[in-house]
Amino acid sequence: MLDLRFVRENSDLVRKAVADRGLEVPLDDLLEKDRRRRAVLADLEEKRARHKRGNKEIGERMRKGEDPVDLREEMGALSEEIRALEEEADALEEAVREILIRIPNLPHESVPVGPDETFNREVRRWGEPRTFDFQPLPHWELGERLGILDFQRGVKIAESRFTLLRDKGALLERALINFMLDLHTREHGYTEVFPPILVNEESMFATGQLPKLEAEMYRCRDDVLYLIPTAEVPVTNIHRGEILEEADLPLYYCAYTPCFRREAGSYGRDIRGLIRQHQFNKVELVKFAHPDTSYEELEKLTNDAEEVLRRLGLPYRVVALSTGDLSFAAAKCYDLEVWLPSGGEYKEISSCSNFTDFQARRANIRFRPSGGGKAQFVHTLNGSGVAVGRTVAAILENYQRADGSVEVPEALRPYMHGLEAIEP
RNA sequence: GGAGGGGUGGCAGAGCGGACUAAUGCGGUGGUCUUGAAAACCAUUAGCCUUCGCAGGCUCGCGGGUUCGAAUCCCGCCCCCUCCGCCA
């Protein structure tokens, strides 16, 4: 959410930012309602002040034994007027808010301007895609042949886009989670947390999933709780409504959680394999940063996520998303894309974003400046570090051998009882 | 799920129709005193909204209602605690 005062005073800037994203927002409507609300409020407050003084006088006179009937009647009438004005002011405030919460964050000046992903800009590449002297298989075929991915039974147990991991497949998944958590906690300075996987509406609103992405989420039938689509939600909400100490910033958290997404509207996409699942595991990195350093923190966070891929020896590239591809709450975002031989392309495996004060304002997360003074909103950041299911796919495809076995990346072997390869 | 108790400032806790402009204590900050510290004493110690400012308004879990007037009375909801039941 943007600051209403900022929107009021910089409407042209906001208008341009929304247009750059290829979106439309009834900004003039908002400005007009905001103007009217402030006019009503001035009137209302003047009447309330009069009402207060009058009531105080009634109290004083009644204590002296009088009954000021005329004043009581006057205050009664004033009370009616106040009630009407309150209703008007509340309605206007609500209308303003309804528009305001749907305005996306302002893209950072370094974000490439363009209507869609074709305007994304590649920032760097790491690693060389391997050349095969045999016909490489897609990971779903490798996984089924190795008996570690069971798609049919996943569908039987749940529905399509759910997969059963077996034996070395389950072990590989678990090894990756532990490897990533260890890397971030022991070498990158993150504090590990394990948060609730079901969260309430306030939490979903705070990070920006609600109201816009309601259809993307699984909801419980008898309780107003949602399955998290990413650990970003519960972890960012750790400090919702809190005032942090400036000296404690930046705070680094990482969390492994399962994630659940309905993938509404992506019927035909990535239908085979592990790429687009309704349930997947992810290790997430979350930061609460000082506004002055949040963009440096974004670079560091992105590098922390990249380190996972470098240690695993998976070729990747980093892409700066354009205004049209940027998510609702993000001011800037780098996607990490891992090389997948089956498609002969780079595929998103992590998304690292700076949300500036956009989520912090919705979540009311502030910090008290060390020198004293007004509490300010922190900047929140997060990024996958990284998506586990897609990493499994990338390892299977990039480390496959001609005989259908898959070499275990060296960094992972300590986490897999020294196993060097997954064989049929 | 059943029964009871309770949500008041950073924390504890009083107030239970009109001086609430929310007592008091603790904690925090600044100061006096001190070689330094502790103690003591003094001062200070919420957020938000409107406004250029003066100033005004809102907020006692949330939402309604009664009343000239609600932290206080009534109704609904949410959350927490204790006990019982169920349960990994």
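Chain letters run A, B, ... following the sequence lines, proteins first, then strands; residues in each count from 1. Since this is a predicted model, take the numbers as computed values, not measurements.
Straight-line distance from the NE2 atom of A:H51 to the C1' atom of B:G18: 13 Å, rounded to whole Å. Following rounding to the nearest Å, A:E202 (CD) and B:C62 (C1') show an atom-to-atom distance of 11 Å. Rounded to whole Å, atom P of B:A19 lies 17 Å from atom CZ of A:R61. Atom NZ of A:K64 is separated from atom C1' of B:G18 by 14 Å (rounded to the nearest Å). Protein atom CD1 of A:I82 is 9 Å distant from nucleotide atom P of B:G69, rounded to whole Å. Going from atom CG of A:L71 over to atom P of B:G18 covers 18 Å, rounded to whole Å. For the pair A:E66 CD and B:G69 P, the interatomic distance rounds to 19 Å; values are reported in whole Å. Taking atom CG of residue A:L41 and atom P of nucleotide B:A55, one finds them 19 Å apart after rounding to whole Å.
In this entry B:G4 has B:C81 as its Watson-Crick or G-U wobble partner, both defining distances falling under 3.5 Å. Searching all strands for a Watson-Crick or G-U wobble partner of B:U51 with both distances below 3.5 Å returns nothing. Under the Watson-Crick or G-U wobble criterion, with both distances below 3.5 Å, B:A43 is paired with B:U29. For B:A88, there is no paired nucleotide, since no Watson-Crick or G-U wobble pair has both relevant distances below 3.5 Å. B:U72 is unpaired under the criterion used here, namely a Watson-Crick or G-U wobble arrangement in which both key atom distances are under 3.5 Å.
Nucleotides B:A3 and B:C58, compared at atom P, are 39 Å apart to the nearest Å. Using P as the reference atom, B:A14 and B:G25 are 15 Å apart when rounded to the nearest Å. A gap of 13 Å separates the P atoms of B:A23 and B:U44, to the nearest Å. When the P atom is compared between B:G4 and B:A12, the two are found 26 Å apart, to the nearest whole Å. Only the P atoms considered, B:G61 is 32 Å distant from B:C42, to the nearest whole Å. Straight-line distance between the P atoms of B:G63 and B:U72: roughly 13 Å, to the nearest whole Å. If you take atom C1' in B:G47 and the same atom in B:C86, they sit 43 Å apart, rounded to whole Å. Between the C1' atoms of B:G17 and B:G69, the separation comes to 8 Å (whole Å).
Heavy atoms of A:R50 sit nowhere under 4.0 angstrom from any nucleic acid atom. Within the 4.0 angstrom heavy-atom criterion, only backbone atoms of the sugar-phosphate kind lie near A:R8; the bases stay farther away. Nucleic acid contact for A:I58: base, since at least one base atom lies under 4.0 Å from a heavy atom of the residue. A:A49 comes within 4.0 angstrom of the backbone, heavy atoms only, and of no base.
For A:F367 and A:H290, the gap between ring centers is short of 6.0 Å.
Between A:K52 and A:A375, the residue anchored nearer the 5' end of RNA chain B, judged by the nucleotide with its closest heavy atom, is A:A375. Nearest-nucleotide positions on RNA chain B for A:N55 and A:R366 put A:R366 closer to the 5' end.
Side chains of A:Y415 and A:D182: a donor-acceptor N/O pair is present below 3.5 angstrom, by distance only. Side chains of A:N382 and A:T236: a donor-acceptor N/O pair is absent below 3.5 angstrom, by distance only. A donor-acceptor pair shorter than 3.5 Å can be found between the side chains of A:Y226 and A:E214. In the model, A:T185 has no side-chain atom that pairs as donor or acceptor with a side-chain atom of A:E192 under 3.5 Å.
For the pair A:R362 and A:F205, the cation-pi test (distance below 6.0 Å, angle within 45°) is passed.
For A:R83, the listed nucleotide lying nearest its side chain is B:G65; candidates were B:U51, B:C68, B:G65. Between B:C68, B:C58, B:C49, one nucleotide has an atom nearer to the side chain of A:M62 than all others, and that is B:C68.
Side chain of A:H278 to backbone of A:R261: a donor-acceptor contact under 3.5 angstrom is found.
Close to B:U51, at under 4.0 Å from its OP1 or OP2, lies no side-chain N or O of A:R5. Between B:U67 and A:S79, no contact under 4.0 Å exists linking OP1 or OP2 to a side-chain N or O. Checking the phosphate oxygens (OP1, OP2) of B:U51, a side-chain nitrogen or oxygen of A:R38 falls inside 4.0 Å.
Under the 4.0 Å criterion applied to side-chain N and carboxylate O atoms, A:R102 and A:E98 are assigned as salt-bridge partners. Of the charged side-chain nitrogens involved, at least one lies within less than 4.0 Å of a carboxylate oxygen, so that A:E307 and A:R310 count as a salt-bridged pair.
A side chain to side chain contact (heavy atoms under 4.5 Å, CB included) with A:P68 holds for exactly one of A:E73, A:M62, A:E57; it is A:M62.
Within a heavy-atom distance below 4.0 Å of RNA chain B, no residue of residues 93-106 of chain A is found.
For A:E45 against B:G56, a side-chain-to-base donor-acceptor contact under 3.5 Å is present.
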